[in-house]
Amino acid sequence: MKHRHALLAAGAASALVLGGIATATLPASAAASGCSVTYTVQSQWKGGFTANVAITNLGDPMSNWTLTFDFPNASQRVTQGWSATWTQSGARVSAASMTWNGSLGTGASTSIGFLGAWNDANPVPPSFALNGTVCTGSVTTPTPSPSPTTTTPPPSGPAPALRVSGNKIVTADGKAYRLLGVSRSSGEFACVQGKGLWDSGPVDQASVDAMKTWNIHAVRIPLNEECWLGVNGSPSGATYQQGVKDYVDLLVANGINVILDLHWTWGAYTNSPDWHCKDEHATCQKPMPDARYAPQFWTGVANTFKGNDAVVFDLFNEPYPDMPAEWNKTLGWQCLRDGGTCTGLPYEAAGMQDLVDAVRATGATNMLMVSGLEWTNDMREWLTYKPKDPLNNIAASWHAYSFNACASESCWDSQIAPLAQQVPVVIGEFGQDDCNFDYMQRLVTWADAHDMGYLAWTWNPWGCTGGAVLIKDWAGTPEPGVGEGYKAHLLTQSPYV
């Protein structure tokens, strides 16, 4: 569970394609050079805009590069950038490659982007140069729209089956796909707080139609293991299971993929800080899933939904076994993968490998999401400690809030972008703690440039007074700032890459 100024992004899809190879005669010893650049204004609003710059090397391979261009208007400037080291002096803008994207073979491409500002006009830069080579071509002037435009109609027909292919999530026909949507909280807590299953919120067709007006293509549903299993006095069991199944079936039938997330689990963590819940029952977020019930939970969930690969399994919400181990990251990563007796935990933990094994033992082929450390904001050693899956069908689950340690473009570039080159990365939760949208706008713009999916917290009408609450009512009326900004952004996005 988490917390979240509205950048009401007027969709301004525009593109500038610049291509060509220098025609001057080169000495025999000189490297052939050339480049192609596509500059796209992704969204534009009064005073601000976001832009993506796609670069293709048409010359000999290079180990590093610097892109330069001049803004035509004195008011234009780069305020935040990603996937390159951005600097600006007067009108001249420079973007230097990072360690992970500096190598560009002949014909290879990479994308970078930035958040910009402007006053009286926002014209396209007239020319670009890569390592001093000017890329020439034609210019298409952007025409900002007065309001966001939907790039994809609301979902129709059932949601697609999904699987991992390389570093992309793809549909059954091989099309790259992003999970774009929201988390819908209450399945993790209502059952243990006497509020029924969904905290009195509707799970009917009208409520799903409200989601579709936002262009939502995926919903993440947090679950409670004791309620699913009906153990330790929980009255739920079969009733809870059926309620979850009915809601999942409704969403999938409406073209919305579902991510089932194990959120609250059993296990006493009595030596936790005072601010942390010490109840051994599944009434709060624990550092690790427990060996006692978590594998049983995933066996049951997998048996219920196997054969329906439109449903994704997020194995555990926000692990933090590094905290009980006094922030020893090595011990934390080992505990996360292998479970067992972990430093600082008084209960036996189920590692991610245990949970992968429990799902696959049922014959379920559903795509899995696996978290990192520090409430899954730290992903630095994720690849090293990735559990083994015979189907190789695992995506990385990353959470990115404004109050997390990794909450800037420089951190995302250095820690997340290299991981996303190897495996799909899904932002399972994100938001900011002041009900505005500025941090969230930066994050989704960066994620779009890296073909990542994301699910904002949360589709619940709780009243946004200091956290990430998206809606005022179950009809989908957006909260000012956070809700209005996120809805406007989703309406410009397509799940297909």
Side-chain angles (χ1 to χ4, degrees), residues 1-4 181-214 216 218-254 256-266 277 279 281-285 297 300-301 304-305 311 314 317-318 428-429 431 433 435 455-484 486-487:
M1 155 122 203
K2 305 299 174 281
H3 300 293
R4 317 338 102 202
V182 296
S183 290
R184 191 266 168 88
S185 182
S186 72
E188 76 275 31
F189 68 79
C191 59
V192 294
Q193 295 182 359
K195 299 178 181 179
L197 174 53
W198 304 114
D199 192 19
S200 302
V203 288
D204 56 7
Q205 185 63 50
S207 67
V208 176
D209 289 342
M211 291 178 171
K212 293 165 72 172
T213 66
W214 283 49
I216 287 171
V219 173
R220 180 172 174 266
I221 303 175
L223 298 178
N224 185 303
E225 74 176 17
E226 288 190 329
C227 295
W228 179 277
L229 295 171
V231 297
N232 296 331
S234 171
S236 305
T239 301
Y240 184 92
Q241 294 175 24
Q242 189 62 50
V244 171
K245 186 177 187 305
D246 290 345
Y247 190 36
V248 170
D249 289 347
L250 178 64
L251 289 165
V252 170
N254 277 270
I256 299 175
N257 288 96
V258 175
I259 303 169
L260 295 177
D261 147 52
L262 177 53
H263 210 84
W264 283 3
T265 55
W266 179 89
C277 168
D279 190 345
H281 293 295
T283 60
C284 55
Q285 174 67 40
F297 168 88
V301 171
T304 300
F305 294 102
V311 181
D314 188 350
N317 177 42
E318 290 187 347
E429 285 186 22
D433 53 3
C435 300
L455 300 104
W457 190 275
T458 176
W459 187 268
N460 295 82
W462 292 337
C464 197
T465 58
V469 175
L470 298 171
I471 55 175
K472 286 180 169 292
D473 51 48
W474 293 113
T477 305
E479 282 279 357
V482 56
E484 291 174 346
Y486 191 51
K487 179 180 181 180

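All residue numbers refer to positions in the sequence shown, counting from 1.
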Applying the side-chain contact (heavy atoms from CB on, under 4.5 Å) criterion to Ile221, which one of Val244, Leu260, Asp261 satisfies it?
Leu260

Checking Val208 against Leu251 for the side-chain contact (heavy atoms from CB on, under 4.5 Å) test, could you report, in this order, the C-alpha distance in whole Å, the side-chain angles of both residues, the deciding distance, and whether it holds?
CA-CA 7 Å; Val208 176; Leu251 289 165; 3.9 Å; yes

Parallel, tilted or perpendicular, judged at 30° and 60°: which one describes the rings of Phe189 and Trp264?
tilted

Distance alone, cut at 3.5 Å: any donor-acceptor contact between the side chains of Gln193 and Asp199?
no

Any side-chain to backbone donor/acceptor pair from Glu479 onto Cys464? Under 3.5 Å, distance only.
yes

Please check: side-chain N/O of Asp314 versus main-chain N/O of Ile259, any donor-acceptor pairing under 3.5 Å?
no

Distance from Leu197 atom CG to Tyr247 atom OH, nearest 0.5 Å?
10.5 Å

Short side-chain donor-acceptor distance under 3.5 Å, His281 and Asp279:
no

Looking only at atom types and distance, does a side-chain atom of Trp214 sit under 3.5 Å from a main-chain N or O of Gly476, one as donor and one as acceptor?
yes

Carefully, step by step, assess Tyr240 and Asn224 under the rule side-chain contact (heavy atoms from CB on, under 4.5 Å).
CA-CA 10 Å; Tyr240 184 92; Asn224 185 303; 3.9 Å; yes

Tell me if a side-chain donor or acceptor on Glu429 pairs with a main-chain N or O of Ser183 at a distance below 3.5 Å.
no

Do side-chain atoms of Glu188 reach the backbone of His263 as a donor and acceptor pair under 3.5 angstrom?
no

